Amino acid sequence: MLDIKYIRENPEIVRQTIRNKRVSLELDTLLELDSRLLELKKSVEAKQTERNANAKAVPKATPQERPTLIQKGKDLSEELKTLEPQLKELEEALKDLLLRVPQIPLPEVPVGLSDEDNVELRREGTLPVFDFALLDHVALLEKRGWAEFERVGKISGSRSYMLRGDLATLEMALHLYTLQFLSARGFTALSASALVRPETLTATGHFPGGEDQVYRLEGHDLMLAGTAEVPVNFLHSSEILDLEQLPLAYAAYSSAFRSEAGSAGRDVRGLMRVHEFKKTEQYIICEGKPEVSSQWFGQILQNAEDLLASLELPYRILQVCTGDMGAGKAQMYDLECWIPSEERYRETHSCSNLQDWQARRTGIRYRDNDGKVQFAHTLNNTGIATPRLLVALVEVHQQSDGRVKLPAALRPYMGGKEFI
RNA sequence: GGAGGGUUGGCCGAGCGGUUGAAGGCAGCAGUCUUGAAAACUGCCGUAGGUGUGAGCUUACCGAGAGUUCGAAUCUCUCACCCUCCGCCA
């Protein structure tokens, strides 16, 4: 959410952003609604002032004057009963539109229409060379008995899976490793539930717009979040924090649920795109200054890079363009890991700086050194998401005999084994 | 799932249908005193909006929403959450 005052004062910047981010929104409708609301509000408040003054006069009035005052109060109350709902309606309509106004991207963000316009910043790591016929992860997992795919269809339908044996423990090892890795860098580990109220998804910015991506529980006002960003963001909703409490850096492990509506036919096989996965997410709430959040952006990007490097996985970094970045984001980089069987990089991490866009929706504020209440900035980046990362891991580190060589960093978490 | 009790400002806590945006305390800020600090004393000290150069004026908000009333933190209803007991359960 942007400050309505900012929108009033900078309509052209906002208009341009709406265009660049390919958001469907009529800014003029919003501005017109805003001025109508302001006008109506003034007249309602005038009536309210009158009503309050009148009501205050009643107890002081003589018994003779009293009936007149009470009648006047009744009349005012009657008028307000028609005006107030109108006001409320306008307020809600304006809020609906305000929730759709995108965050202004940072100046360096490339303008573009789709993921094709994302800019590759660099590639890291060495691509593996195989002197044998490499297996894709599905073949490898089947060969090693590391997953259930077909049988699971009868349990949970398509895009579901079970990990078996060493791969099941490897998944947990990865998350434990990540949690400890981030804890060592000052993060607070969280094990979060993905079960959330709808308003938490509005607060993050997934709603309005992403409703069809989210599973909802029949008969309950609860949904299954697609990332721990959702519950963690709402942890501090409506709070006014002390400056000393910031930054809050969380490493949050949770299940993540995605309906994958609209991606039928894509990545239907294997572990690449599933309905339920496990993710350890980096989530930052920091002081609401661009230089502070930008520094954190660099830090959580670095954390992810260091994790991937320690897992000995080649990856590349993409600077995501305006058309592909999501309404709330001021800046976004994707990390993509090399998938040997596909001979291409696939997204495993998404690093975002929302600045105050999310904090405004959520009401995450703090008192600055002057005692003024400010909105915080929030950022998030994947730490590790499985099983997608397992795809890269087993494929890159596979051996000719079907074994997988574990990167040294993971061995302590896998009983010291070098191979599985 | 059943029964009961609760939800008030950063925290604790009072609150009769009218002069309460809310006593009192703590914390915080400023000042007096002091070489300095502490103590003591004095003052300030919720959020969001409108309006005004400004002091200020004004509106909303006492878990959320609706209602009764000239007037609601105070009364009624619905919901959410918290606590206690019972049941069930990992």
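So that the names make sense, note that chain A is the first sequence line, chain B the second, and so on, each numbered from 1. Everything numeric here is computed off the predicted structure, so don't read it as measured data.
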Q. When you match A:P59 and A:A53 each to their closest nucleotide on RNA chain B, which lands nearer the 5' end?
A. A:P59

Q: Between A:I240 and A:K56, just flag the one whose closest nucleotide in RNA chain B comes earlier from the 5' side.
A: A:K56

Taking only Lys NZ, Arg NE, NH1 and NH2, and the carboxylate oxygens of Asp or Glu, determine whether [X] and [Y] approach each other closer than 4.0 Å.
{"X": "A:K42", "Y": "A:E45", "answer": "no"}
{"X": "A:E12", "Y": "A:R15", "answer": "yes"}
{"X": "A:R8", "Y": "A:D34", "answer": "yes"}
{"X": "A:K5", "Y": "A:D3", "answer": "no"}
{"X": "A:D166", "Y": "A:R144", "answer": "no"}

So what does [X] touch, heavy atoms closer than 4.0 Å: a base, only the sugar-phosphate, or nothing?
{"X": "A:R8", "value": "sugar-phosphate"}
{"X": "A:V373", "value": "sugar-phosphate"}
{"X": "A:R367", "value": "sugar-phosphate"}
{"X": "A:K47", "value": "nothing"}

Rounded to whole Å, how long is the line connecting atom [atom1] of [X] with atom [atom2] of [N]?
{"X": "A:L37", "N": "B:A48", "atom1": "CG", "atom2": "P", "answer": "18 Å"}
{"X": "A:L241", "N": "B:U47", "atom1": "CG", "atom2": "C1'", "answer": "15 Å"}
{"X": "A:E50", "N": "B:C57", "atom1": "CD", "atom2": "C1'", "answer": "16 Å"}
{"X": "A:K60", "N": "B:G71", "atom1": "NZ", "atom2": "P", "answer": "17 Å"}
{"X": "A:E244", "N": "B:G28", "atom1": "CD", "atom2": "C1'", "answer": "11 Å"}
{"X": "A:R365", "N": "B:A48", "atom1": "CZ", "atom2": "P", "answer": "6 Å"}
{"X": "A:N52", "N": "B:A72", "atom1": "CG", "atom2": "P", "answer": "8 Å"}
{"X": "A:Q374", "N": "B:A48", "atom1": "CD", "atom2": "P", "answer": "10 Å"}

Suppose we define a pair by two distances each less than 3.5 Å, Watson-Crick or G-U wobble; what does [N] pair with here?
{"N": "B:U51", "result": "B:G56"}
{"N": "B:A73", "result": "none"}
{"N": "B:C29", "result": "B:G43"}
{"N": "B:G21", "result": "none"}
{"N": "B:U84", "result": "B:A3"}
{"N": "B:U78", "result": "B:A64"}

From C-beta outward on [X], which listed nucleotide comes closest to its side chain: [options]?
{"X": "A:S77", "options": "B:G50, B:G65, B:C70", "answer": "B:C70"}
{"X": "A:R51", "options": "B:A48, B:U59, B:A60", "answer": "B:A60"}
{"X": "A:K74", "options": "B:U59, B:C70, B:A80", "answer": "B:C70"}
{"X": "A:T49", "options": "B:U47, B:G49, B:U58", "answer": "B:U58"}
{"X": "A:K5", "options": "B:C70, B:C81, B:G50", "answer": "B:G50"}

Rounded to whole angstrom, note down the [atom1] distance from [N] over to [M].
{"N": "B:C57", "M": "B:A38", "atom1": "P", "result": "35 Å"}
{"N": "B:G71", "M": "B:A60", "atom1": "P", "result": "12 Å"}
{"N": "B:C77", "M": "B:C83", "atom1": "C1'", "result": "23 Å"}
{"N": "B:G21", "M": "B:U34", "atom1": "C1'", "result": "38 Å"}
{"N": "B:C33", "M": "B:A55", "atom1": "P", "result": "29 Å"}
{"N": "B:C61", "M": "B:G9", "atom1": "P", "result": "15 Å"}
{"N": "B:U20", "M": "B:A73", "atom1": "P", "result": "13 Å"}
{"N": "B:G31", "M": "B:G15", "atom1": "P", "result": "37 Å"}

Q: List the steps, then state whether side chain to side chain contact (heavy atoms under 4.5 Å, CB included) holds for A:F297 with A:I284.
A: CA-CA 9 Å; A:F297 185 78; A:I284 307 292; over 6 Å; no

Q) Under 4.0 Å between a side-chain N/O of A:K42 and OP1 or OP2 of B:U59, yes or no? A) no

Q.
I'd like to know if the side chain of A:E84 pairs up with that of A:Q48 as donor and acceptor (distance under 3.5 Å, no hydrogens or angles considered).
A. yes

**Q.** Verdict with reasoning, A:L182 to A:T188, per side chain to side chain contact (heavy atoms under 4.5 Å, CB included)
**A.** CA-CA 8 Å; A:L182 291 171; A:T188 301; over 6 Å; no

